[in-house]
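This report concerns only the one structure given below.
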Amino acid sequence: RVEWRKEDGVEKEVVEEPDKVEEVQVVLIPAKEHHKPECVAAKAKELEAFKEFEVYREVEDKGQERLSSRWVVTDKSTSEETKVKARLVCRGFEEAVQVQADSPTGSKETLHMLLSIASTKGWLIKSDDVKNAYLQGEKIDREVYMEPPVEARRPGMVWLLRKAVYGMNDAGRRWYFRVEQVLTSLGCKKSLYDHCLFSYRVGGELAGIILLWVDDIFYAGNQEFQKQVMTKVAEEFLVGKTEEGAFTYIGLNIKSTSEGITLDQIDYIKDRLEPAVLKGGDNSRPLDKEEMTLLRRQTGKINWAASQTRPDLSYTVVELSTKFKNGCLEDLKKTNKAITRLTSSPTKLLFPKIAGGLKIVVYSDAAFQNLPDQISSGRGHIVMLAGHGGRAAPLGWASNKVRRVVASTV
């Protein structure tokens, strides 16, 4: 999940590196400026990737139905380097054929389990960023034609696509199938419960684990796993860079420490969450339309933090979500209070090394008619991976409204 800040028409994303936080400006370059040398060079690089990965085949133009295409050129330059990136995107919504477009995405619970196992076994966590991922996906099994861009167009010729390119409905799905095929051919086994989780065993013992998140491959394992699996994955796909030890993964700060592996969203909370400026009035004053929108927006931001790294705010989100139809000023003040709590108490989840026989422990509780309407009840649970000596790691948690109206604690 990615959120952007917009200042003076420029979208900004915070990118963290070990011991460094840098503001990267992401600017969409309009078509009228695509003649500039840096844009021309970026387009040429993208077209070269299309050829390298054999994305298309030129065929005679006989008036076939085709998808149109366009360039998306962005400027991600920093103070240290000029970085212009061009992406050739087809308008997949023009395709008349209905195709299955869904593809699996790793869950946060799986990520937490991976961190727990890596910490317990003393494995170094790593993340590979695959360049031009969709262009390296599985071949498509249908005829799809695309109008080439002006820079690659030849009279009387049209592109017959061999792979799903950016913009096509099943591009992500085709990429997943390709990675799945490579990993299973190397001896990895796909989980029955999360299809983005793969494990590798040597002599019956777990030697490595992999979690897929679109074009990011997150993994940890021993030297045998690195040699027999990940080295060959890097030979099969074009990997941009590998990060290890301390890095940002899907917006989460992950770091190996002497105590274990930590996970936090401190930067996200600091940069994206701030209390809202409120209008005056009595606490019981109903919110106007603009304020109701603000209530939903602020609650959504709090929920993202609560669901990823701050389970202590889970109930607050449930409480606020019950006020989306009839909120009052007091509810908006509660969002400000929650955000102040988030920003004033930076928190990290710790996944320590756990000794002894591992077991799953679940704690759950409910309260009687504790929600604002004084009729509904709230509940919550947290799942822990535990061992000897009281060491445990959080795997998953949730808080929600009990669907059934409970008239008695009995």
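Positions are given from 1 along the sequence. The figures here come from the full heavy-atom set of this structure, side chains too, leaving out hydrogens, waters and symmetry mates. Remember, it's a predicted structure, so these values are computed and weren't measured experimentally.
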Next item on the list: Kindly determine whether Gln100 and Asp102 satisfy side-chain hydrogen bond (donor to acceptor under 3.5 Å, both in side chains), including the steps that lead there.
Entry: CA-CA 6 Å; Gln100 190 170 351; Asp102 61 298; 3.1 Å; yes
Margin query: Test side-chain hydrogen bond (donor to acceptor under 3.5 Å, both in side chains) on Ser127 and Asp216; report intermediate values, then the result.
Written below: CA-CA 7 Å; Ser127 177; Asp216 287 318; 4.6 Å; no
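For the side chain to side chain contact (heavy atoms under 4.5 Å, CB included) with Thr299, the qualifying choice from Thr316, Leu320, Val318, Leu332 is Leu320, the only one to do so. The only option from Val214, Asp215, Val165 that meets the side chain to side chain contact (heavy atoms under 4.5 Å, CB included) definition with Tyr134 turns out to be Val214.
Between Met146 and Arg66 the shortest side-chain heavy-atom distance does not fall below 4.5 Å. Inter-residue side-chain proximity for Glu319 and Asn370 is flagged as unmet; no heavy-atom pair is nearer than 4.5 Å. Side-chain contact between Ile339 and Gln298 is present, with at least one heavy-atom pair separated by less than 4.5 Å. Contact annotation: the side chain of Ile302 approaches that of Thr335 to within less than 4.5 Å [non-hydrogen atoms, C-beta and beyond]. Under the 4.5 Å side-chain criterion, counting only non-hydrogen atoms from C-beta, His381 is not in contact with Tyr363. Within the 4.5 Å cutoff, the side chain of Ser107 has no heavy atoms near those of the Met113 side chain.
The backbone N or O of Gln226 lies less than 3.5 Å from a partner atom in the side chain of Thr231, making a donor-acceptor pair. Glu94 places a side-chain N or O within 3.5 Å of a backbone atom of Ser68 that can act as its donor or acceptor partner. In this structure, the side chain of His112 engages the main chain of Leu395 through a donor-acceptor pair within 3.5 Å. Although no hydrogens or angles enter the test, the distance criterion places a donor-acceptor pair under 3.5 Å between the side chain of Thr120 and the main chain of Ile354. Checked by atom type and distance alone, the side chain of Arg285 pairs as donor or acceptor with a backbone atom of Gly280 at under 3.5 Å. Within the 3.5 Å criterion, the main-chain N or O of Val55 finds no donor-acceptor partner in the side chain of Lys163.
The two residues Val239 and Ala234 have their closest heavy-atom pair at CG2-CA, 4.1 Å. Considering every non-hydrogen atom in both Ala118 and Ile261, the closest pair reads CB-CD1, 4.0 Å. Pairing each heavy atom of Lys323 with each of Pro372, the nearest pair is CD-CB, 4.0 Å. The heavy-atom pair separating Phe53 from Leu135 by the smallest distance is CB-O, 3.4 Å. Looking at every heavy atom in both residues, Cys90 comes nearest to Met168 through SG-CG, 3.2 Å. Residues Phe198 and Cys188 come closest through the heavy atom pair CB-CB, 4.2 Å.
Cation-pi contact between Lys108 and Trp397: present, with separation from the ring centre below 6.0 Å and deviation from the ring axis of at most 45°.
Rounding to the nearest 0.5 Å places CG of Leu186 at 8.0 Å from OH of Tyr200. In this structure, Asp267 CG and Thr248 OG1 are separated by 7.0 Å, a value rounded to the nearest 0.5 Å. Note: Gln369 CD to Gln374 CD = 8.5 Å, rounded to the nearest 0.5 Å. To the nearest 0.5 Å, the span separating OH on Tyr219 from CD1 on Ile217 amounts to 8.0 Å. Between Asn283 atom CG and Leu329 atom CG the span is 5.5 Å, to the nearest 0.5 Å. A distance of 6.5 Å separates NE2 of His195 from CG of Leu192, quoted to the nearest 0.5 Å.
Applying the 6.0 Å contact sphere to CD of Glu274 captures no more than 12 heavy atoms from other residues, nucleotides or ligands. Residue Glu259 qualifies as open at atom CD: its count of foreign heavy atoms under 6.0 Å is 12 or below. Residue Lys190 places its NZ atom among more than 12 non-hydrogen atoms of other residues, nucleotides or ligands, all under 6.0 Å distant.
Side-chain contact check for Glu58 and Tyr56: no donor-acceptor pair (N or O, by modelled atom type) lies under 3.5 Å. Looking at Asp264 and Thr309, their side chains never bring a donor and an acceptor atom within 3.5 Å of each other. A donor atom on one side chain and an acceptor atom on the other are found under 3.5 Å apart for Asp373 and Ser376. Side-chain atoms of Trp71 and Glu151 include a donor-acceptor pair closer than 3.5 Å.
Between Arg142 and Glu95 there is a salt bridge, since a side-chain N of the basic residue sits under 4.0 Å from a carboxylate O of the acidic one. We find that Glu235 and Lys232 are not joined by a salt bridge, their nearest charged nitrogen and carboxylate oxygen being 4.0 Å or further apart. Salt-bridge annotation for Glu243 and Lys126: absent, with no side-chain N of the basic residue lying under 4.0 Å from a carboxylate O of the acidic one. A salt bridge does not link Arg178 with Glu138: none of the charged nitrogens is closer than 4.0 Å to a carboxylate oxygen. Salt bridge present: Lys279 and Glu290 bring a charged side-chain N and a carboxylate O closer than 4.0 Å. Checked for salt-bridge contact, Asp141 and Arg174 meet the test: a charged N lies under 4.0 Å from a carboxylate O. Salt-bridge formation is detected for the pair Arg341/Asp312: a Lys NZ or Arg NE/NH1/NH2 atom is positioned less than 4.0 Å from an Asp or Glu carboxylate oxygen. Arg153 has a carboxylate O that lies under 4.0 Å from a charged side-chain N of Glu147, or vice versa, which qualifies the two as a salt bridge. Under the 4.0 Å criterion applied to side-chain N and carboxylate O atoms, Lys85 and Asp75 are not assigned as salt-bridge partners.
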